[in-house]
Amino acid sequence: MAIFGLWVINKAGGLVYQRNFADGLAQLTSNEYLVLAGTLHGIHAITSRLSPIPGQSSGAQVIEGETFKINILLTLTGTKFILLTSPAEPASTIDVLLQKIYSTYAEKVMQNPFHTPEMPIRSEAFDVSLGALIG
Amino acid sequence: MATSSKQYLTRGEELWKGRSEKVNAELFALTYGALVVQLIQDYEDYAEVNKQLEKMGYNIGTRLIEDFLAKSNLGRCSDFREVGEVVAKVGFKSFLNISPSITHHAAPVSTSATRPTSTSQATNAGSSFSLIFDENPLSEFVELPGDALEGGLWFSNVLCGVIRGALEMVQMQVSAEFVSDVLRGDETTEMRVKLIKHLEEEVPIGDD
């Protein structure tokens, strides 16, 4: 039961934050992370158009593999928070954690007037509080 | 989901109480006042000051919406009427602890035939709501001098920008402007927010 990593993707599909917390996933170059994030953004956009019920669809929220689980929180502003966890991690803890991460992002990142929205996040306060949240 | 207006008020109240860091109202009013006065000195043109206040508000709004959505956990509003309710009862309450009253105005019926298959979102365009503030923490002790009155200064114009910025981040293009202000000698302070259009989400797959 572990949290492997967190990605934050802006509304255009660009990766603005990536951090690994526990070992368990392959280490990739930053370019590979960018490509993966863009791909995931595209896939998510497609899945949000596919819905058996007409109307707003949230798009893919969980993508499970054998050794990992991708959890996606799409905010109403288009920002995506991707949490990579082990498959055994319970959904309720993940949802709560994603909400807390969103809350931390809103406080530490957005409230910094020198941070340009949609740009890569370089915030020590964000890093520190994420460390406290996830460990 | 159809949430009653009372539920929104309660939610706004909860959010206000839940905020651990509140700032002294006088300090806030003084800071804002100093800002407006400085802008007037720098620009010397009241229309320009209005514009700058609105721009600052826009910047604030684009950031504030994330905090609002993260804390309030509200889903997407079903129509513009609901947007107005949420802004008035949850938004203003949770940040400024005021609850402006709201009146809704439906979209004017266009004479050209409307497509019967248009989504409910499209038919919302043109609808608006008015927020009537009976208290305004920004302008508690403010009295506008003669030339500010003549120059057409809207003292709390930053609020218009905040609404415009915040709603743009949730894919709504709106215009927000004050139509009356007690500081100008009018009976009420009223802000009119009009939906111009919904911004369609772009899906830029493979645009790099």
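Numbered from 1 within each chain, the chains take letters A, B, ... in sequence-line order. The structure presented is a predicted model; accordingly, all values stated were derived computationally and were not measured. Hydrogens, waters and symmetry mates play no part in the numbers below; they use all other heavy atoms, side chains included.
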Q: Could you tell me which portion of N73(B) (side chain, backbone, both or neither) has an atom closer than 4.5 angstrom to a non-hydrogen atom of chain A?
A: side chain
Q) Just wondering, do D67(B) and M110(A) contact through their side chains at under 4.5 Å, heavy atoms? A) no
Q. For the candidates M169(B), E66(B), E168(B), which exhibits the highest count of non-hydrogen atom pairs separated by less than 4.5 Å from chain A?
A. E66(B)
Q | CD (E64(A)) with more than 12 external heavy atoms under 6.0 Å | A | yes
Q. Just wondering, more than 12 heavy atoms not from N24(B) lying within 6.0 Å of its CG?
A. yes
Q) Does E107(A) pair with K71(B) as a salt bridge, N-O distance under 4.0 Å? A) yes
Q | Atom CZ of R184(B) with >12 non-hydrogen neighbours under 6.0 angstrom | A | yes
Q. With a cut-off of 6.0 Å (strictly less than), are more than 12 heavy atoms of other residues, nucleotides or ligands near CD of E14(B)?
A. yes
Q) Between A70(B) and S103(A), which heavy-atom pair has the shortest distance, and what is it? A) CB-CA, 3.7 Å
Q.
On a heavy-atom basis, which atom in V109(A) and which in R63(B) lie closest, and how many Å separate them?
A. O-NH1, 4.4 Å
(Q) Would you compute the distance between atom CD1 of I60(B) and atom CD of Q111(A) and round it to the nearest 0.5 angstrom? (A) 11.0 Å
Q.
For K6(B), is the NZ atom crowded, meaning more than 12 foreign heavy atoms sit under 6.0 Å from it?
A. no
Q) At their closest point, which heavy atom of L74(B) faces which heavy atom of L76(A), and how far apart are they? A) O-CD1, 3.7 Å
Q. Of the backbone (N, CA, C, O) and the side chain (C-beta and beyond), which part of T79(A) lies under 4.5 Å from a heavy atom of chain B, both, or neither?
A. side chain
Q: Take atom CZ of R19(B) as the centre, draw a 6.0 Å sphere, and report whether it contains more than 12 heavy atoms from other residues, nucleotides or ligands.
A: yes
